[in-house]
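A short worksheet on the structure shown next.
For reference, positions follow the sequence shown, starting with 1. Ligands are counted one by one from 1 in listed order, and the atoms in each one are counted from 1 as well.
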Amino acid sequence: MNEADAGTTPIRPLVAGNWKMNGLKAALSEALAVDEALAEAGQAVGADVMICPPATMVMVLSELSGKGGLQVGGQDCHANSSGAHTGDVAPEMLADAGAIAVIVGHSERRADHGETDRIVHEKVLAAHRAGLTAIVCVGETIGQRQAGLTLDVVARQLSGSIPDGVTAENVIVAYEPVWAIGTGLTPGTDDVEQVHGMIREHLSGRFGEEGRRIRILYGGSVKPSNAVELMGITNVNGALVGGASLMAKDFLGIVEAYRG
Ligand code: PGA
């Protein structure tokens, strides 16, 4: 929460871990350690905390966690609810396995699987059909940033990826500069503030009061050492964390930024 949010309903931040294609059974203990720590901290943690493990682990993590309120999400979904799509996961399946949210449009999906804004838009609708919150990722490449196109690129991704009529409960936006993901590089605080400010304007312009309450996460090389600074930026309502979410100690070090 921060001053930009004052005057409207306070926004409860979210710290979400994206495990990507990492996590065998043995890694469950890391996620459960996060849940345990949340249970011990109780109300002292002023944020929701989520882990998005690989699809193979969504059900077991949902069943074993929850004591501390740890939320579970998926990393991607197909737009259809069932059918001949070998290897894909329907949002209904993620919901059935205990997920409450799903990441869509991550830059790795956009790059590795050619996902366009149109496809991401369909996936957001599919997530909503299944009752899941869609965590919609946007962000510019280094070339686009150097060409001064960051705001244009992100605005286009928002318009193309987010359907009309969404709410603060069923959509979360994650701004993840592609060049900051997994590199240890982060944008300056002014740059983050500028992009998040534009995203907030876009959301409130399109969705009114709901748009003022939609959570906007920052993602890209968030770690315990930079979390307080990044989470303190106006209109940053939490983090989407990759590498540093794999170990409970690191992930909890980021959650610590929201300890009252
Ligand atoms: P990172 O990944 O924290 O490892 O940079 C973030 C993401 O891709 O969601």
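- Not a single heavy atom of Gly219 lies less than 4.0 angstrom from ligand 1.
- Between Tyr218 and His196, the angle of the ring planes lies from 30° to 60°, which puts this pair in the tilted group.
- In the model, Arg215 has no side-chain atom that pairs as donor or acceptor with a side-chain atom of Thr133 under 3.5 Å.
- Considering backbone and side-chain N/O of Val241, none are found under 3.5 Å from N/O of ligand 1.
- Considering backbone and side-chain atoms alike, Gly243 places an N or O below 3.5 Å from some N or O of ligand 1.
- A donor-acceptor contact shorter than 3.5 Å links the side chain of Gln75 to the backbone of Lys20.
- In this structure, Gly182 has a heavy atom closer than 4.0 Å to ligand 1.
- Residues Met50 and Ile135 are in side-chain contact: their nearest non-hydrogen atoms beyond the backbone lie under 4.5 Å apart.
- Side-chain atoms of Arg212 do not come within 3.5 Å of backbone N or O of Arg200 as any donor-acceptor pair.
- Judged by the shortest distance from any of its heavy atoms, Lys223 lies outside the 4.0 Å radius around the atoms of ligand 1.
- The shortest N/O to N/O separation between Gly242 and ligand 1 falls below 3.5 Å.
- The main-chain N or O of Thr141 is found under 3.5 Å from a side-chain atom of Gln144 such that the two form a donor-acceptor pair.
- Heavy-atom proximity to Glu176, at under 4.0 Å, picks out these atoms of ligand 1: 6 (C), 7 (C), 8 (O), 9 (O).
- In the vicinity of Asn18, heavy-atom distances shorter than 4.0 Å reach the ligand 1 atoms 9 (O).
- For ligand 1, the atoms closer than 4.0 angstrom to any heavy atom of Gly220 are 5 (O).
- Heavy atoms of Ile181 found under 4.0 angstrom from ligand 1 belong to the backbone as well as the side chain.
- In this structure, the side chain of Asp48 does not engage the main chain of Leu14 through any donor-acceptor pair within 3.5 Å.
- Using modelled atom types, no side-chain atom of Asp76 and backbone atom of Lys123 make a donor-acceptor pair closer than 3.5 Å.
- If you number the atoms of ligand 1 from 1 as listed, the ones under 4.0 Å from a heavy atom of Leu240 come out as 9 (O).
- When atom types are taken as modelled, the side chain of Arg206 and the backbone of Ile162 share a donor-acceptor pair closer than 3.5 angstrom.
- Residue Ala180 touches ligand 1 through its backbone alone, judged by heavy-atom distances below 4.0 Å.
- For a threshold of 3.5 Å applied to N or O pairs, the pair formed by Ser221 and ligand 1 contains at least one separation below that value.
- Which of Gln75, His106, Glu108 comes nearest to atom 8 (O) of ligand 1 through a heavy atom is settled by distance: it is His106.
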